[in-house]
Amino acid sequence: MAHAKREIERKYEADPGTRLPDLTGVSGVAEVLDKGVSELDAVYYDTEDLRLAAASITLRRRTGGKDAGWHLKLPVAPGERDELHAPLEDDVPAPLAGLVRARTRGAPLVPLVRLRSRRDVRHLVDGDGALLAEASTDTVRAERLTGGDTGTVEWTEIEVELADGGDPAFLDTVGKRLRKKGLKPSGAPSKLAKALRDTGWRPAEPPEEDGTAGGRVLAHLRKHTGELVTHDAAVRRDLPDSVHRMRVATRRLRSAFRTYKKVLDPAVTGPVADELKWLAHELGVDRDQEVLAERLTARIDALPVTLLLGPVRGRLRAWDAAGRTGSRGRTLAALDSDRYTALLDSLDALLADPPLLPAARKDADAVLARAIRKEHARLSARVDRALALPAGHDRDVALHEARKAAKRARYAGETAVLVLGGPARRFVKRVKAVQKVLGDHQDSVVARATLRDLAIQAHLSGETAFTWGLLYGEEEAGAAERERELPGVWARASVPAKLRK
């Protein structure tokens with residue numbers, strides 16, 4: 001994978017000929033060092049319909065300066081991006097192209113804009129000479145290479161980039177000084193965005209909600225389709241919690257299709273929901289392995305050393321390494337498949353031409369409240385069935401089904417929060433408590449099956465299985481406690497009065 005770093009910066013508009021104001025008086029700055037002037041030449045790449053630009057992603061090939069090469073910048077938050085570097089070569093490096101595959105989907109990446117900059121650099125350092133930030137005055141000449149208005153645009157800007165590991169509050173302090181000197185924050189998040197804007201490109205604006213059920217549901221679908229695609233790059237980079245977040249996005253989309261069958265035609269959404277189920281399953285292999293390993297590690301860490309008999313930690317590490325290798329490969333294979341690309345295309349097509357039914361034209365309030373009541377009733381039936389069964393395998397299965405219903409009810413509530421406000425928010429909180437109890441119970445069921453397998457492996461290898469049996473007993477006791485806890489938590493999970501009408 002390409003080298004990556006977190007880029008935190010602020011940009012300011014400046015008139016031609018502007019010089020960087022004196023920053024030696026800024027709190028923490030002991031000296032401003034002149035690092036000279038460099039000439040930078042960068043060509044930015046995108047699809048012909050600007051899919052990367054629409055997502056505030058930049059991909060460039062740059063020569064000159066200290067970091068010549070290919071750079072891919074992925075947005076994290078306003079003023080923050082993850083910047084990935086790859087060596088200088090003629091074509092887009094495969095690792096970087098792979099990270100934007102969910103955006104490009106086979107469309108070629110072509111030269112879009114050429115930016116030539118004269119960069120005058122200063123280093124802001126503290127009393128020990130440690131770098132706090134790099135401030136530069138950039139004189140930029142941008143040339144549009146494809147699409148839009150041909151020709152060039154020129155401007156000057158001041159950029160302040162935080163040093164690695166620095167406190168972002170320092171940039172705010174510097175910003176106050178720059179604003180006092182008459183500089184204004186840039187209206188564009190990047191040089192590429194400004195070049196595109198000044199040559200005629202405007203990103204598409206999402207449609208405004210109109211107060212109808214269809215409008216609210218489609219806004220929900222757009223949000224989580226966007227999150228699905230955004231988390232794709234994070235999963236490929238193997239970032240913490242990325243698989244979980246991507247999997248949640250698939251579940252929320254699928255749940256919305258199932259919950260709002262009166263709003264969106266299930267004949268159209270059904271096949272898409274099936275493909276989302278497939279993707280969630282492929283992602284689940286990796287995520288389930290991660291969750292289970294963390295749970296068992298925590299269990300072992302909590303035991304006194306005197307109860308850790310045999311190579312317990314080593315066996316768990318070996319089990320986890322073997323499982324992660326297979327699950328990681330399976331996840332990446334799914335994301336590189338034509339089936340996944342087709343799923344993303346089908347989501348885009350559905351949002352572009354939604355299969356709205358008559359109920360979509362009704363006020364969102366009534367439709368969303370009805371959906372909450374319906375999902376709560378489904379959850380109620382499953383909880384009652386589970387609690388009526390004796391402890392054992394059948395009850396475990398029934399509680400797992402109730403857990404899935406709790407998630408679906410929670411998602412229905414979250415979809416309605418913007419419309420129904422406090423009552424929907426309270427419903428989400430109540431159902432989330434039920435989901436937590438049921439989730440911990442199911443995690444215990446899965447953990448016990450794995451602990452049994454590890455105990456068998458230890459025994460067959462001539463090791464004592466004492467510790468694995470002890471952990472099994474702890475999980476069994478914990479599951480029993482969750483079952484005793486459930487009735488009380490469930491009794492508090494009623495639908496708020498304002499949503500019962």
| salt bridge (Lys or Arg N to Asp or Glu O under 4.0 Å) between Asp138 and Lys191: does it pass, once the steps are laid out? | CA-CA 10 Å; Asp138 295 346; Lys191 290 182 175 64; 2.8 Å; yes

| said: Run Asp49 and Arg51 through salt bridge (Lys or Arg N to Asp or Glu O under 4.0 Å) and show every step you take. | reply: CA-CA 6 Å; Asp49 54 357; Arg51 299 177 194 177; 3.0 Å; yes

| Can you list the steps and then say if Asp440 with Arg295 is a salt bridge (Lys or Arg N to Asp or Glu O under 4.0 Å)? | CA-CA 10 Å; Asp440 192 53; Arg295 186 182 183 94; 3.0 Å; yes

| said: Assess the residue pair Glu475 and Ser444 against the criterion (side chain to side chain donor-acceptor pair (under 3.5 Å)); give the C-alpha distance rounded to whole Å, side-chain angles, the decisive distance to 0.1 Å, and a yes or no. | reply: CA-CA 6 Å; Glu475 288 287 359; Ser444 176; 3.2 Å; yes

| message | Quick one, Ile158 with Lys11, criterion side-chain contact (heavy atoms from CB on, under 4.5 Å). Give me CA distance, side-chain angles, the key distance, then yes/no. | response | CA-CA 6 Å; Ile158 289 176; Lys11 294 178 181 290; over 6 Å; no

| What's the verdict on side chain to side chain donor-acceptor pair (under 3.5 Å) for Thr341 and Arg101, showing C-alpha distance, side-chain angles and the deciding distance? | CA-CA 9 Å; Thr341 301; Arg101 185 178 184 274; 3.2 Å; yes

| query | Can Leu486 and Val434 be said to form a side-chain contact (heavy atoms from CB on, under 4.5 Å), step by step? | reply | CA-CA 7 Å; Leu486 178 59; Val434 176; 4.3 Å; yes

| field | side-chain contact (heavy atoms from CB on, under 4.5 Å) between Lys432 and Lys436, intermediate numbers included | value | CA-CA 6 Å; Lys432 189 175 181 179; Lys436 185 177 185 301; 5.8 Å; no

| query | Given the rule in the salt bridge (Lys or Arg N to Asp or Glu O under 4.0 Å) test, do Asp172 and Arg10 qualify, once you have shown the distances and angles that lead to the verdict? | reply | CA-CA 9 Å; Asp172 297 332; Arg10 305 285 190 271; 3.6 Å; yes

| field | Residue pair Arg330, His281: steps toward the side chain to side chain donor-acceptor pair (under 3.5 Å) verdict | value | CA-CA 10 Å; Arg330 181 168 175 174; His281 177 73; 3.3 Å; yes

| Given Val229 and Arg103, is the side-chain contact (heavy atoms from CB on, under 4.5 Å) satisfied, shown in steps? | CA-CA 7 Å; Val229 176; Arg103 306 281 182 185; 3.5 Å; yes

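Counting heavy atoms from C-beta outward, Thr47 and Leu52 have side chains that stay 4.5 Å or more apart. Here the side chains of Trp278 and Thr250 are not in contact, with every heavy-atom distance at 4.5 Å or above. Proximity of His400 to Val445: side-chain heavy atoms (C-beta onward) are nowhere separated by under 4.5 Å. Counting only heavy atoms from C-beta outward, the side chains of Lys262 and Pro358 never approach each other to under 4.5 Å. For the pair Leu228 and His224, the minimum side-chain heavy-atom distance is 4.5 Å or more. The side-chain heavy atoms of Arg81 and Pro189, taken from C-beta on, include no pair separated by under 4.5 Å. Residues Tyr340 and Asp232 have side chains in contact (heavy-atom distance under 4.5 Å, counting atoms from C-beta outward). The shortest distance between side-chain heavy atoms of Val43 and Val113 does not fall below 4.5 Å.
A salt bridge is absent between Lys73 and Asp82; no separation between the charged side-chain nitrogens and carboxylate oxygens falls under 4.0 Å. The residues Glu275 and Lys277 are annotated as not salt-bridged, no charged nitrogen and carboxylate oxygen being separated by less than 4.0 angstrom. Ionic pairing of Arg144 and Asp198 is not present here: no N-O contact between side-chain nitrogen and carboxylate oxygen is shorter than 4.0 angstrom. Salt bridge absent: Arg245 and Glu227 never bring a charged side-chain N and a carboxylate O closer than 4.0 Å. With respect to the salt-bridge test (charged N to carboxylate O, under 4.0 angstrom), the residues Arg425 and Glu414 do not qualify. We find that Asp348 and Arg105 are joined by a salt bridge, their nearest charged nitrogen and carboxylate oxygen being less than 4.0 Å apart.
From Tyr44, atom OH reaches atom CG of Leu112 across 10.5 Å, with rounding to the nearest 0.5 Å. Distance check, rounded to the nearest 0.5 Å: CG of Leu221 to CG of Leu347 gives 8.5 Å. For the atom pair OH (Tyr411) and OG1 (Thr259), the distance works out to 11.0 Å, reported to the nearest 0.5 Å. The distance from atom OG1 of Thr104 to atom CG of Asp46, rounded to the nearest 0.5 Å, is 9.5 Å. To the nearest 0.5 Å, atoms CD (Glu134) and CD (Glu161) are separated by 6.5 Å. Atoms CG and CZ, on Leu292 and Arg287 in that order, are 11.5 Å from each other to the nearest 0.5 Å.
Screening Glu485, Glu483, Arg482 against His441 for a side-chain hydrogen bond (donor to acceptor under 3.5 Å, both in side chains) leaves a single residue, Glu483.
Across all non-hydrogen atoms, the minimal contact from Ala195 to Val153 is CA-CG2, 4.5 Å. Closest approach of Ala412 and Glu375 over heavy atoms only: CB-CG, 4.0 Å. Residue Arg395 comes nearest to Ala386 through the heavy atom pair NE-O, 3.1 Å, listed as atom of the first residue, atom of the second, then distance. Listed here is the closest heavy atom pair of His376 and Ser494: NE2-CA, 3.9 Å. Minimum heavy-atom separation, Glu401 to Arg382: O-NH1, 3.0 Å. Taking both residues in full, the closest heavy atoms of Phe427 and Gly413 are given as CD2-CA, 4.1 Å, listed atom of the first, atom of the second, then distance.
Remark: Asp338 CG is loosely packed, at most 12 non-hydrogen atoms of other residues, nucleotides or ligands lying under 6.0 Å away. Few gaps surround CG on Asp210; more than 12 heavy atoms of other groups in view lie less than 6.0 Å from it. Residue-environment remark: CD (Glu48) stays at or below the threshold of 12 foreign heavy atoms within 6.0 Å. Surrounding NZ of Lys5 are more than 12 heavy atoms belonging to other residues, nucleotides or ligands, all under 6.0 Å away.
Between the side chain of Asp167 and the main chain of Ala169, a donor-acceptor pair closer than 3.5 Å is present. In this structure, the side chain of Ser380 does not engage the main chain of Ala377 through any donor-acceptor pair within 3.5 Å.
The side-chain tip of Arg60 does not point at the ring of Trp70 from less than 6.0 angstrom away and within 45° of straight on.
No donor-acceptor contact under 3.5 angstrom links the side chains of Ser136 and Glu159, judged on distance only.
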